[in-house]
Amino acid sequence: MIENLNAKNKDFFELVFQIVKLIPHGRVTSYGAIANYLGSKSGARMVGWAMNVSHQYAGIPAHRVVNRNGFLSGKMHFPTSDSMQQALESEGIHIENDQIQHFSEIFWDPSKELKLP
DNA sequence: CTAATGACAAACT
DNA sequence: CAGTTTGCCATTA
């Protein structure tokens with residue numbers, strides 16, 4: 001079903017997807033962190049938009065991507081509201097009131113962890 | 001082509 | 001310090 005996507009957009013998606021796929025088990029990241037790793041050019045909203053289309057791609061752990069507040073802002077876009085939280089808890093991440101606990105501790109910043117030499 | 005929207009974030013009041 | 005406003009960039013109407 002990938003026909004409306006132009007080459008230029010696909011490149012942006014793959015770049016975001018690669019980062020999301022590289023998120024370690026039990027870790028999470030934010031849209032801004034990914035945008036920052038891309039050079040803060042696209043903007044955090046574009047990362048969220050990439051996640052929106054990620055549903056048509058397999059192997060994209062979009063549940064590991066949340067906003068900077070640690071809230072599961074995108075849970076509503078999952079098949080079920082509990083799908084995202086359940087997936088995160090399955091990795092040992094504690095969630096309460098749709099918010100990730102100890103977000104600062106499990107936060108995975110590609111700009112630092114995945115930092116290029 | 002202009003206007004509005006969005007799984008966000010930073011700046012301003 | 002908390003609430004409000006603007007900026008980002010692409011898609012949709």
Side-chain angles (χ1 to χ4, degrees):
Chain A
M1 254 341 197
I2 306 170
E3 48 191 322
N4 297 332
L5 300 178
N6 294 329
K8 141 175 114 167
N9 293 341
K10 177 175 175 293
D11 181 58
F12 174 76
F13 293 149
E14 289 220 359
L15 197 55
V16 176
F17 295 157
Q18 287 299 325
I19 297 172
V20 175
K21 288 182 186 175
L22 289 173
I23 300 175
H25 178 87
R27 292 289 186 111
V28 293
T29 190
S30 64
Y31 305 94
I34 297 173
N36 185 14
Y37 181 77
L38 298 177
S40 301
K41 299 179 186 302
S42 302
R45 302 186 108 136
M46 298 302 91
V47 178
W49 180 75
M51 294 293 92
N52 188 19
V53 298
S54 69
H55 285 281
Q56 58 192 297
Y57 296 87
I60 310 298
H63 60 269
R64 290 179 180 161
V65 183
V66 295
N67 61 354
R68 79 168 185 90
N69 296 317
F71 281 96
L72 306 184
S73 51
K75 71 166 192 168
M76 50 163 73
H77 291 274
F78 277 73
T80 59
S81 300
D82 296 340
S83 181
M84 186 174 186
Q85 179 174 344
Q86 184 177 3
L88 290 170
E89 289 183 334
S90 180
E91 297 184 355
I93 299 175
H94 298 278
I95 299 174
E96 186 169 320
N97 193 10
D98 295 338
Q99 184 178 24
I100 296 176
Q101 303 300 309
H102 307 286
F103 179 66
S104 300
E105 296 181 11
I106 63 176
F107 178 72
W108 184 81
D109 189 347
S111 183
K112 294 178 181 178
E113 304 298 329
L114 193 64
K115 182 177 181 181
L116 299 175

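Protein chains get the first letters and strands the later ones, always in sequence-line order, with residue 1 at the start of each. For the numbers below, each heavy atom of this structure counts, side chains included, while hydrogens, waters and symmetry mates do not. These numbers were taken from a predicted model, which means no experiment stands behind them.
Using a 4.5 Å heavy-atom cutoff, the side chains of A:Ile23 and A:Val65 are in contact.
Between B:dA9 and A:Ser30, a contact under 4.0 Å exists linking OP1 or OP2 to a side-chain N or O.
Between A:Phe71 atom CZ and B:dG6 atom P there is a gap of 20 Å when expressed in whole angstrom units. As a whole-Å value, the separation of A:Phe103 CZ from B:dA9 C1' is 12 Å.
Here the separation of C:dT6 from B:dA4, taken at their P atoms, is 14 Å to the nearest Å. For the P atoms, the distance linking B:dA3 with C:dG7 amounts to 15 Å, nearest Å. For the P atoms, the distance linking B:dT5 with C:dT5 amounts to 15 Å, nearest Å.
In this structure, A:Arg68 reaches the sugar-phosphate backbone alone: every heavy-atom distance under 4.0 Å involves primed, P, OP1 or OP2 atoms, never a base. A:Ala50 comes within 4.0 angstrom of no nucleic acid atom, judged by non-hydrogen atoms across all strands. Residue-level contact check: A:Asn52 touches the bases, meaning some heavy atom is under 4.0 Å from a base atom.
Taking the side chain of A:Met46 as heavy atoms from C-beta on, and the options B:dA7, C:dC9, B:dA9, the nearest nucleotide is C:dC9. Distances were taken from every side-chain heavy atom of A:Trp49 (C-beta onward) to each of C:dT11, B:dA9, B:dA7; the shortest belongs to C:dT11. With C:dA10, B:dA7, B:dC8 as the candidates, the nucleotide lying closest to the side chain of A:Met51 is B:dA7. Of all nucleotides listed (B:dA7, B:dG6, C:dA10), B:dA7 comes nearest to the side chain of A:His77.
Taking only distance into account, the side chain of A:His55 meets the base of B:dA7 through a donor-acceptor pair shorter than 3.5 Å.
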Determine, step by step, whether A:Arg64 and A:Glu91 satisfy the side chain to side chain contact (heavy atoms under 4.5 Å, CB included) criterion, reporting the C-alpha distance in whole Å, the side-chain angles of both residues, the deciding distance to 0.1 Å, and the verdict.
-> CA-CA 10 Å; A:Arg64 290 179 180 161; A:Glu91 297 184 355; 2.6 Å; yes
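Ring pair A:Phe17/A:Tyr57 is tilted by interplanar angle, where 30° to 60° counts as tilted. Ring-plane geometry between A:Phe78 and A:His55 is classed as perpendicular, the angle between the planes exceeding 60 degrees on a 0 to 90 degree scale with a lower cut at 30.
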